[in-house]
Amino acid sequence: MRWDGQAVVAGDGGALPGLALSGLLRSGRTPDLAGGTFHQVAAKSAPNKGPEASTMPFRWTVNPMRGCLHACAYCYARPTHEYLDLDAGRDFETQIVVKTNVVEVLRAELARPSWRREHVALGTNTDPYQRPEGRYGLMPGIIDALASSGTPFSITTKGPLLRRDLPALVAAAQQVPLGIAVSLAVLDPALQQSVEPGTPLPRARLDLIRAVRDAGLPCGVFVAPVMPWLTDSEEHLGELLAALADAGATGATVLPMRLRGSVKPWFLRWLAQERPDLVARYRRLYGRGAYVPVEYQNWLWARVRPLLAAHGFGTGAERLVGDARLAMGERPEGGSYPAGSMPELAPGAGGGAATFEVDQPVLF
Ligand code: SF4
């Protein structure tokens with residue numbers, strides 16, 4: 001069954017009334033991607049350039065889709081749907097914009113003499129290997145366009161569908177510097193299915209890490225976001241890092257959860273349903289800001305650092321992206337550091353004082 005056979009013209013069936021998408025070609029649903037409406041659009045540009053003031057180590061991105069069926073309650077990219085006059089809640093999870101001509105546009109842009117072959121990051125806004133990629137097949141062309149033009153690139157994903165493209169990625173790695181990262185922050189399947197209801201199970205992502213390593217490619221892991229009182233216990237972090245080490249991950253980057261703009265009420269709504277006992281604590285921790293206070297970051301870093309070392313991810317290193325602190329470790333190295341203890345957070349400690357409005361990748 002081909003996707004085109006399932007599509008309906010814009011304005012029919014699945015399309016939202018009044019939806020005004022630039023370059024909209026058609027909108028429709030498919031039975032095997034239930035719950036999603038797909039808006040095929042003609043992209044005007046790819047890659048896209050981030051703001052000059054961005055603190056991220058890359059300026060260029062390719063995002064073949066907008067919106068994400070993975071539906072993570074904490075997703076940093078949710079507010080980007082508001083630019084489309086869609087909401088950051090259910091619309092983000094169900095109204096998926098697909099740039100069906102992205103490969104052609106990308107090839108044309110990369111062929112320009114002015115293209116300087118800077119690093120291009122995929123997976124910084126929405127997951128390029130979410131399920132519709134199986135139907136549209138945009139990634140093989142994107143990989144080929146980047147590699148054959150001599151453009152270094154990286155992919156971050158939660159999607160085991162990346163395994164389909166491993167031969168192409170192995171070939172690309174012969175041509176350009178290539179980074180692959182899997183996002184896995186929740187090991188408990190019940191919690192994962194609740195907070196990331198559209199994502200593949202943790203076991204499938206561990207298998208993906210193994211497959212990338214078996215193909216001879218390095219594979220980093222984003223242990224992000226770490227959710228206070230839900231996934232930040234020593235037991236959970238230790239178990240997760242042990243599983244990552246066992247799967248052959250070559251690095252681990254740990255980052256506490258950020259709740260920017262309209263993400264915060266959406267996440268707190270989920271929290272009120274699933275863990276009402278934690279709502280008041282979250283309101284205190286995050287206050288009026290988007291990020292956890294520095295006391296929490298220090299505490300988490302002290303907890304994570306020895307765990308990274310214990311599981312072979314080196315002695316760990318700290319890196320600031322804007323004001324947000326990342327804990328990173330690479331294998332193989334050793335080391336041991338004393339763990340810290342959780343600081344007492346006074347009521348209102350979040351208070352808005354630690355509001356970090358920096359660009360961050362979407363860490364799946
Ligand atoms: S965090 Fe990543 S995988 Fe989850 S919904 Fe957002 S873009 Fe998709």
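Order of listing sets the numbers, starting from 1, for every ligand and every atom in it. Model, not experiment: these values are computed from the prediction.
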Hey, is atom 6 (Fe) of ligand 1 within less than 2.8 Å of some N/O/S atom on Cys72?
no

By number and element, which atoms of ligand 1 are closer than 4.0 Å to a non-hydrogen atom of Cys75?
1 (S), 5 (S), 6 (Fe), 7 (S)

For Lys158, the atoms of ligand 1 under 4.0 Å from one of its heavy atoms are 1 (S), 3 (S), 4 (Fe)

Counting C-beta onward and ignoring hydrogens, is there a side-chain heavy-atom pair between Lys264 and Arg269 closer than 4.5 Å?
no

Establish, from distance only, whether the side-chain atoms of [X] and [Y] form a donor-acceptor pair under 3.5 Å.
| X | Y | value |
| --- | --- | --- |
| Thr151 | Trp115 | yes |
| His81 | Gln95 | no |
| Asp165 | Tyr129 | yes |

Looking only at heavy atoms of Asn125, does any of them come nearer than 4.0 Å to an atom of ligand 1?
yes

With the threshold set at under 4.0 angstrom, would you say Ala71 reaches ligand 1 through any of its heavy atoms?
yes

Give a yes or no on whether the backbone of Trp229 and the side-chain of Asp232 come within a donor-acceptor separation of less than 3.5 Å.
yes

Mind checking whether Thr199 contacts ligand 1 via backbone (N, CA, C, O), side chain (CB onward), both or neither, at a 4.0 Å heavy-atom cut-off?
neither

